[in-house]
Amino acid sequence: MSGVSGKVALVTGASSGLGAQVAQLLAGRGASVLGVARHEQRLAATFADTSTGRYAVADLSTADACRSVVAQCVETFGRLDILINVAGFHRMRHTTEMTDEDWDHDLAVNLHGPFHLCRAALPHLLETGGNIVNVASIAGVEGQAYSAGYCAAKHGLVGLTRALAVEFTADRLRVNAVCPGGMLTPQITGFTLPDGADPNLVMRTASPRGISDPGDVAKVVAFLASDDAVAVHGAVYTADNGKTAG
């Protein structure tokens, strides 16, 4: 038996990349999984070979949408044990050229959505003694050029993780975060530099050991979500191939 067998998990960003890998891994280890993302065809592909998986199409940048998918998960499976916030967005921009809408969107997707999901899920997770895994980024523990909105949001997500961990110290609930470095996901393979950007500043974010496979990072997320990590609470795990080691 795995540490997630028989559990119910809600996984965001499940249509591709790390989110899809996490959803498939948990389902393969015996969890019932509701995957959430904006792209229905990609979600269907994620769960095509998974008998214990379901999916919901939603834009999680609003509080109402977050409440709705939590309710749908509980209605579908009867409970909620694990919330994994993977969905994110990163576009490099010169800070002087960011619009108000750019800033609002960065925070809505990368911070507001996870907060709204945590808030909606907490009553259920407190009842089941469940846990939350927030997927931040190494941009949540260090600065990155041309990424003011993304860094601000991911630093905020790390802070949210620690705040919840302290607030619920006396409960069975666990709250942790994973900070991946560069991974072979569409966000990396499709990224472009802003015009006139200094590539040397961008390369400061690269790991000396290369880009990670999202499947390897998914295993870290799955561990924290499992009963095997019962002693881990309020932790911020870097899964960055040694980038932040020193």
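Worth saying up front: this structure is predicted, and the values here are computed from it rather than measured.
- Between the side chain of S137 and the backbone N or O of K154 there is no donor-acceptor pair closer than 3.5 Å.
- Using a 4.5 Å cut-off on side-chain heavy atoms (C-beta onward), V220 and Y237 make contact.
- Atoms OG and CG, on S61 and D106 in that order, are 12.0 Å from each other to the nearest 0.5 Å.
- The heavy-atom pair separating P208 from N241 by the smallest distance is CD-O, 4.4 Å.
- Connection of V178 to V22 is established within a shared hydrophobic cluster, with ILVMFWY side chains joined at heavy-atom distances below 4.5 Å, either directly or through further cluster members.
- In this structure, L122 and L173 have side chains that are in contact, with non-hydrogen atoms separated by less than 4.5 Å.
- The closest donor-acceptor contact from the side chain of H233 to the backbone of A165 lies under 3.5 Å.
- Side chains of H116 and L60 form no contact here, defined as non-hydrogen atoms less than 4.5 Å apart.
- Remark: side-chain polar atoms of N176 are not paired, donor with acceptor, to backbone N or O of V133 under 3.5 angstrom.
- Taken together through direct or relayed side-chain contacts under 4.5 Å among Ile, Leu, Val, Met, Phe, Trp and Tyr, V36 and V74 form part of one hydrophobic cluster.
- Side-chain contact between L164 and C118 is present, with heavy atoms from C-beta onward closer than 4.5 Å.
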Candidate pair I132 and I82, rule side-chain contact (heavy atoms from CB on, under 4.5 Å), full reasoning: CA-CA 6 Å; I132 298 168; I82 302 165; over 6 Å; no
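- Between the side chain of D104 and the backbone N or O of E101 there is no donor-acceptor pair closer than 3.5 Å.
- Listed here is the closest heavy atom pair of V11 and G19: CG1-O, 3.7 Å.
- Each of V175, N134, L117 was checked for a side-chain contact (heavy atoms from CB on, under 4.5 Å) with L83, and the lone residue meeting it is L117.
- With values rounded to the nearest 0.5 angstrom, L34 atom CG is found 5.0 Å from L10 atom CG.
- No donor-acceptor pair under 3.5 Å is formed between the side chain of R67 and the backbone N or O of A121.
- D64 and T62 share no side-chain donor-acceptor pair at under 3.5 Å.
- Grouping the Ile, Leu, Val, Met, Phe, Trp and Tyr side chains by contacts below 4.5 angstrom, directly or via other members, places V236 apart from L111.
- The backbone N or O of A65 sits nowhere less than 3.5 Å from a side-chain atom of S68 that would complete a donor-acceptor pair.
- I84 and F223 fall within a single hydrophobic cluster, where Ile, Leu, Val, Met, Phe, Trp and Tyr are joined by side-chain heavy atoms under 4.5 Å apart, directly or via other members.
- The hydrophobic clustering, which links ILVMFWY residues whose side-chain heavy atoms are closer than 4.5 Å, places V232 and L26 together.
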Audit row: D227, K7, salt bridge (Lys or Arg N to Asp or Glu O under 4.0 Å) steps and yes/no: CA-CA 10 Å; D227 289 341; K7 308 280 190 183; 3.3 Å; yes
Residue pair K243, E142: steps toward the salt bridge (Lys or Arg N to Asp or Glu O under 4.0 Å) verdict: CA-CA 11 Å; K243 167 64 182 65; E142 64 179 27; 3.1 Å; yes
Worked check of side-chain contact (heavy atoms from CB on, under 4.5 Å) between L125 and N131: CA-CA 6 Å; L125 297 173; N131 73 88; over 6 Å; no
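- The heavy-atom pair separating N110 from L157 by the smallest distance is O-CD2, 4.0 Å.
- A distance of 8.5 Å separates CG of L160 from CG of N85, quoted to the nearest 0.5 Å.
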Derivation of the side-chain contact (heavy atoms from CB on, under 4.5 Å) call for H94 and Y146: CA-CA 5 Å; H94 293 284; Y146 315 117; 3.7 Å; yes
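- For R91, the CZ atom sits in a loose shell: 12 or fewer heavy atoms of surrounding residues, nucleotides or ligands are nearer than 6.0 Å.
- In terms of heavy-atom proximity, Q21 sits nearest to G215 at OE1-CA, 3.8 Å.
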side-chain contact (heavy atoms from CB on, under 4.5 Å) between Q72 and T76, intermediate numbers included: CA-CA 6 Å; Q72 181 176 342; T76 300; 4.0 Å; yes
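- No side-chain heavy atom of D228 sits less than 4.5 Å from a side-chain heavy atom of V4.
- Under the 30°/60° scheme for interplanar angles, the aromatic rings of H90 and Y150 are found to lie parallel.
- Within the 4.5 Å cutoff, the side chain of R172 has no heavy atoms near those of the L126 side chain.
- Note that the CZ atom of R119 and the SG atom of C66 stand 9.0 Å from one another [nearest 0.5 Å].
- Of all the heavy atoms in A23 and F47, the pair that sits closest is CB-CZ, 3.9 Å.
- R79 and E127 are not joined by a salt bridge, as no carboxylate oxygen comes within less than 4.0 angstrom of a charged side-chain nitrogen.
- At least one donor-acceptor pair under 3.5 Å links the side chain of R174 to the backbone N or O of L224.
- Taking every heavy atom of both residues into account, E40 and V57 meet most closely at CB-CG2, 3.6 Å.
- Inter-residue side-chain proximity for V33 and R54 is flagged as unmet; no heavy-atom pair is nearer than 4.5 Å.
- Counting only distance, with no hydrogens or angles, the side chain of D240 and the backbone of G242 share a donor-acceptor pair below 3.5 Å.
- Listed for the Q24 side chain is a donor-acceptor partner under 3.5 Å among the backbone atoms of T46.
- The main-chain N or O of A87 is found under 3.5 Å from a side-chain atom of T12 such that the two form a donor-acceptor pair.
- Note that CG of L18 and CG of D216 are 11.0 Å apart. Values are rounded to the nearest 0.5 Å.
- Note that the OG atom of S15 and the CD atom of Q41 stand 11.5 Å from one another [nearest 0.5 Å].
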